[in-house]
Amino acid sequence: MEKIIVSACLLGVSCRYDGKSVPREKVIALMNKYILIPVCAEVLGGLATPRVPSEIVGGKVINKEGVDVTENYLRGAKEVLRLCKLYGVKKAILKEKSPSCGVNLIYDGTFSGTLKNGHGICADLLSRNGIEIFSEENSDKL
């Protein structure tokens, strides 16, 4: 069976910035066809759960308190890529809008809830390394 990296929060793991999860039944149902490998790039990068929300601002990841957490996001993205290589993973389903995992949309860096087109840090790294990325919104296109 093909292996796919999946944002752990989509599978019901409480690892989001707010300490919650956002399980998506259509993603969970993919366990019938694929081996799903849950990851949270932010946790792998050393951030706690819960944590202060962060957004991408001018190429850096800044949390709502003004702290630069870019290194944590980069470290976590590199760990996810390492897992992809280790397990021969070619596809990932990632949490849309996340500063780590946003596939098509991320918040604009103003902490106002405004979205813009763009990739999160992990999504960008995976994509640049040949991993096909999907969001929970388009996971049916696998």
Item checked: Result of checking Val52, Val61, Leu74 against Val69 for side-chain contact (heavy atoms from CB on, under 4.5 Å) -> Val61

Next item on the list: Drop me the distance from Ile121's CD1 to Glu71's CD, to the nearest 0.5 angstrom.
Entry: 10.5 Å

Next item on the list: List the steps and the verdict of side chain to side chain contact (heavy atoms under 4.5 Å, CB included) for Cys40 and Val13.
Entry: CA-CA 9 Å; Cys40 178; Val13 177; over 6 Å; no

Margin query: What verdict does the side chain to side chain contact (heavy atoms under 4.5 Å, CB included) test give for Ile131 and Ile5, after you've listed the backbone C-alpha separation in whole Å, the side-chain angles of each residue and the deciding distance to 0.1 Å?
Written below: CA-CA 10 Å; Ile131 307 298; Ile5 289 284; over 6 Å; no

Next item on the list: Quick one: closest heavy-atom pair of Asn129 and Lys85, and the distance?
Entry: OD1-NZ, 4.4 Å

Next item on the list: Quick one: pull up NZ in Lys60 and OH in Tyr73 and give me the separation to the nearest 0.5 Å.
Entry: 15.0 Å

Checklist line | CD1 on Ile37 to NZ on Lys3, rounded to 0.5 Å | finding: 6.5 Å

Check: When rounded to the nearest 0.5 angstrom, what distance separates CG in Asp124 from CD1 in Ile133?
Finding: 8.0 Å

Next item on the list: For side chain to side chain contact (heavy atoms under 4.5 Å, CB included), just list the numbers for Tyr107 and Leu115, CA-CA rounded to whole Å, side-chain angles, deciding distance to a tenth of an Å, and then say yes or no.
Entry: CA-CA 4 Å; Tyr107 289 101; Leu115 294 168; 3.4 Å; yes

Check: Quick one: do Ile4 and Met1 end up in the same hydrophobic cluster if we chain Ile, Leu, Val, Met, Phe, Trp and Tyr together by side-chain heavy atoms under 4.5 Å apart?
Finding: no

Note to self: Membership question, hydrophobic clusters at under 4.5 Å side-chain separation (ILVMFWY): are Leu94 and Val89 in the same one?
What the structure shows: yes

Item checked: Check against side chain to side chain contact (heavy atoms under 4.5 Å, CB included), Ile62 and Val67 -> CA-CA 5 Å; Ile62 308 296; Val67 176; over 6 Å; no

Notebook entry, point to check: Would you call Asn104 and Asn117 a side-chain contact if the rule is heavy atoms closer than 4.5 Å?
Noted result: no

Margin query: For a quick test of reading the model, state the closest non-hydrogen atom pair linking Gly118 to Ile106 and the distance between them.
Written below: O-CG2, 3.8 Å

Notebook entry, point to check: Do any N or O atoms from the side chain of Glu132 and from the backbone of Lys90 form a donor-acceptor pair under 3.5 angstrom?
Noted result: no

Next item on the list: Using a 4.5 Å cut-off on heavy atoms from C-beta on, say whether the side chain of Lys78 contacts that of Leu44.
Entry: no

Notebook entry, point to check: Of all residues at least two apart in sequence or in a different chain, which pass the salt bridge (charged side-chain N to carboxylate O under 4.0 Å, His left out) check with Lys116?
Noted result: none

Notebook entry, point to check: Can Leu83 be reached from Leu125 by stepping across I, L, V, M, F, W or Y side chains whose heavy atoms are under 4.5 Å apart?
Noted result: yes

Notebook entry, point to check: Do you know which two heavy atoms are closest between Pro50 and Asp18, and how far apart they sit?
Noted result: CB-C, 3.9 Å

Margin query: Has Glu42 got a side-chain atom pairing as donor or acceptor with Leu47's backbone, closer than 3.5 angstrom?
Written below: no

Notebook entry, point to check: Side chains of Ile93 and Leu30: does their closest heavy-atom pair fall under 4.5 Å?
Noted result: yes

Check: Does Cys9 offer a backbone N or O that forms a donor-acceptor pair with the side chain of Ser7 under 3.5 Å?
Finding: no

Margin query: When you compare the side chains of Ser14 and Arg16, does any donor N or O come within less than 3.5 Å of an acceptor on the partner?
Written below: no

Checklist line | Over all atoms of both residues, closest heavy-atom pair of Ala123 and Gly102 | finding: CB-O, 3.2 Å

Next item on the list: Answer with yes or no whether the hydrophobic clustering places Val22 together with Leu36; edges join I, L, V, M, F, W, Y residues whose side-chain heavy atoms lie under 4.5 Å apart.
Entry: yes

Check: Would you say Leu142 and Val103 are hydrophobically clustered, going by side-chain heavy atoms of ILVMFWY under 4.5 Å?
Finding: no

Margin query: When you compare the side chain of Val6 with that of Tyr34, does any pair of heavy atoms fall below 4.5 Å?
Written below: no

Next item on the list: For atom NZ of Lys26, decide whether the heavy atoms of other residues, nucleotides or ligands shown that lie under 6.0 angstrom number more than 12.
Entry: yes

Notebook entry, point to check: Taking all atoms of both residues into account, what is the closest heavy-atom pair of Ser54 and Asn63, and its distance?
Noted result: OG-CB, 3.3 Å

Margin query: Taking OH in Tyr87 as the centre, count heavy atoms belonging to other residues, nucleotides or ligands within less than 6.0 Å. Is the count above 12?
Written below: no

Next item on the list: Give, for atom CG of Leu11 and atom OG of Ser21, the distance between the pair rounded to the nearest 0.5 Å.
Entry: 9.5 Å

Checklist line | Minimal non-hydrogen separation, Pro99 against Ile56, with atom names | finding: O-CD1, 3.7 Å

Notebook entry, point to check: Got a sec, which pairs hit salt bridge (Lys or Arg N to Asp or Glu O under 4.0 Å) with one end in residues 94-103, sequence neighbours left out?
Noted result: Lys95-Glu136

Notebook entry, point to check: Are the side chain of Asn138 and the backbone of Phe134 linked by a donor-acceptor contact shorter than 3.5 Å?
Noted result: no

Notebook entry, point to check: Between atom CZ of Arg24 and atom CD of Glu137, what is the distance when rounded to the nearest 0.5 Å?
Noted result: 7.0 Å

